[in-house]
Amino acid sequence: MKMEKDKSRHRKSLLRSVTVGLRTPIMILLVLFGMVPMLVGTQVVISSARQNQIDSRMSEVQTHCRMLSARMTRARYLAADVTDASLDREIETVADVYNGRIVIVNSGYRIVKDTFHISENRFLVAEEILRCFQGENSSRYHADKNYFAQTFPIYNNAESQDIDGVLLITASTEGILSVFERVGDKVLLLEVLALLLLIVCAALAARVMVNPFWHFQKKLDQVAAGALDTDLTADIYQETRNISRSVEKTIGQLREVDQSRQEFVSNVSHELKTPITSIRVLADSLMSMEEAPVDLYREFMEDISVEIDRESKIIDDLLTLVKMDKSEAILNITQVNVNLLVEQTLKRLRPLADKRHVELIYESIREVTADIDEMKISLAVSNIVENATKYNVEGGWVRVTVDADHKFFYVKVADSGIGIPEEEQGRIFERFYRVDKARSRETGGTGLGLSITRNVVLMHRGAIKLSSQEGEGSVFTLRIPLNYIAQEGERR
Ligand code: ADP
C-alpha cells in the first residue's frame with residue numbers, strides 16, 4: 001500500500017517536472033482541428049457514395065426483375081407444360097448481369113427454376129416467399145453478408161391478381177464494395193499526405209504564434225543580465241502586453257528600492273562622518289596648541305565625548321532600524337498594562353523635560369491592557385514624547401493621553417512646540433529626515449527616531465497620525481490593536 005502511494009507520488013512529481021513548450025500543444029491542436037473534420041468528412045462521403053451505388057443497383061435490379069416477372073406472367077411461365085427457352089435464357093442473363101442468383105418458386109413452394117441449378121425441385125418456404133404470396137414484395141439488403149434479396153410476384157395471367165409463383169433474386173454487392181475499397185486505399189494515401197502537410201503547416205503556425213513570447217524571453221534575459229533599460233514593450237498579444245507591463249512595474253519598484261538603498265547608504269556614511277569630523281577638528285586644534293591650559297583640554301575632551309555619544313547613538317538607532325527591517329523581525333508579545341508603560345516612559349523623560357522647562361502632563365482616560373511588545377512600544381512612545389520635549393518652546397507643555405475603544409488603544413502626544421510645516425509633514429518619517437538640521441543636531445537627534453516609531457507601529461499592525469500647525473504645536477497619535485493577530489507563518 002505504502003509502496004503504491006510512493007510510486008504514484010513519484011509519478012506525479014515526475015509529471016510536474018516535465019515542462020512542455022507552448023509549441024507542442026498548439027501544434028497538436030492545429031493538427032487535430034485539421035485532421036478530424038477531414039477524416040470524418042471523407043468517411044461520410046465514401047460511405048454515402050457506396051450506399052448510393054448499392055441503392056441504384058437495387059433499383060436497377062428491381063426494374064429488370066419486374067419486367068421479367070411481367071413477361072413470365074404474360075407467357076404463363078408457370079402454367080405452361082413446356083419451359084419457355086427464351087425466357088429461361090433471359091432469366092440466366094439477368095442473373096449473370098447482376099452476378100446473382102434467380103430462383104422461381106411455384107405456388108406449391110417448389111423451386112421450378114434455379115440459375116445455379118442446384119436446388120431445382122426442392123421446397124423453399126422462406127419468410128419473403130410467404131409474404132410475396134400474400135402480395136407483399138420485399139427488398140432487403142444484408143450489409144453483413146454483402147448481398148441483397150428481392151422478391152417479385154408472378155401472376156396467373158395479365159388480368160388477374162392471383163399469384164402463381166415468386167421470383168427471388170439474390171445479388172452480391174461485393175463488386176461495388178471492392179471498388180470502394182480501392183477508392184478508400186487511395187483516399188488513405190491522400191490523407192497521410194495531407195497529415196504530413198498539416199504537421200508542417202501546424203509547426204510553422206505554432207512557431208509564428210510562439211515567436212512573440214520567445215522575443216519577450218530574450219528581452220527578459222537582457223534585463224536579467226543587467227540591462228534594466230531594455231524596452232520590454234510586447235504589444236502583439238494582450239497576454240504579452242500584460243506581462244511586459246507587470247515586469248516593467250516590478251523593475252520600476254526594484255529601481256526605487258535600489259535608489260533608496262543607495263540614498264540610505266550615503267546618508268548613513270554622511271551621518272557617521274559628521275561626529276568623526278568634529279572629533280578630528282577638536283583633536284587637531286588641541287594638538288596644534290603648544291601649551292594649552294588644562295581647562296581648555298577638559299572642555300575639548302568633553303566636546304569629544306559628546307560627539308562619541310552621538311556617534312554611538314546613531315549606530316544604536318541604525319541597528320534598531322535594521323533589526324526591525326528584517327522580514328523575520330521578532331515581536332515579543334505579552335499582555336501589558338499600557339497606562340503603566342506610558343507612565344514609566346514619562347518618568348524616564350521627566351529630567352529632560354525639567355531641563356528644558358517643559359511641563360509633562362499625563363492623562364489616562366481609561367485603563368488599558370493590550371497584547372504588545374512592551375520594549376518596542378515603550379521605545380516608540382519615548383521617541384515621540386522626547387521629540388515633543390525637544391522641539392518645544394521654553395515653558396511649554398506636552399500632554400500624553402491614553403485611551404481605548406473596543407478594538408484599539410490610542411496614545412496621543414500633543415505639544416505646544418514649534419510645529420511642523422505642512423509640506424514637511426509627509427517626510428518626517430523618512431530615515432535621517434529632519435526639518436531643522438541644526439536644531440536636531442543641537443538636541444542630539446539622529447533623524448531616525450520617527451522611522452523607528454513608525455516601524456514599531458506597523459509591526460503591531462497599527463497606524464500613526466500627525467496633525468501640526470507651524471508655530472502652534474503638534475499632535476502625534478498612535479493607534480494600536482488591543483489584540484495582536486499574527487499572520488500565517490509569522491514568528492513572534
Ligand atoms: P530627530 O532625531 O532629528 O528628532 P526624528 O525622526 O525623531 O529625528 O524626527 C524627525 C524630524 O521631525 C525632527 O528632526 C524634527 O525636525 C521633526 N519633529 C519631530 N517631532 C516633532 C515635534 N513634536 N515638533 C516639531 N518637529 C518635530
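Order of listing sets the numbers, starting from 1, for every ligand and every atom in it.
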### Query
Hey, is NZ on Lys412 packed in by over 12 heavy atoms from elsewhere, all under 6.0 Å?
no
#### Entry: Heavy-atom donor-acceptor pair, Ser305 side chain to Met301 backbone, under 3.5 Å
no
### Task
Return the protein residues near ligand 1 (heavy atom under 4.0 Å from any of its atoms), ordered by chain and residue number.
Asn387, Ala388, Lys390, Tyr391, Asp415, Ile418, Gly419, Ile420, Ile428, Tyr433, Arg434, Val435, Asp436, Ser440, Gly445, Thr446, Gly447, Leu448, Gly449, Leu450, Ser474, Phe476
#### Entry: More than 12 heavy atoms from other groups under 6.0 Å of CZ on Phe33
no
### Query
Do the non-hydrogen side-chain atoms of Phe264 and Leu318 ever get within less than 4.5 Å of each other?
yes
### Query
Within the side chain of Asp373, is there an N or O that forms a donor-acceptor pair under 3.5 Å with the backbone of Asn332?
yes
### Query
Going by distance alone, is a donor N or O of one side chain under 3.5 Å from an acceptor N or O of the other, for Gln217 and Asp221?
yes
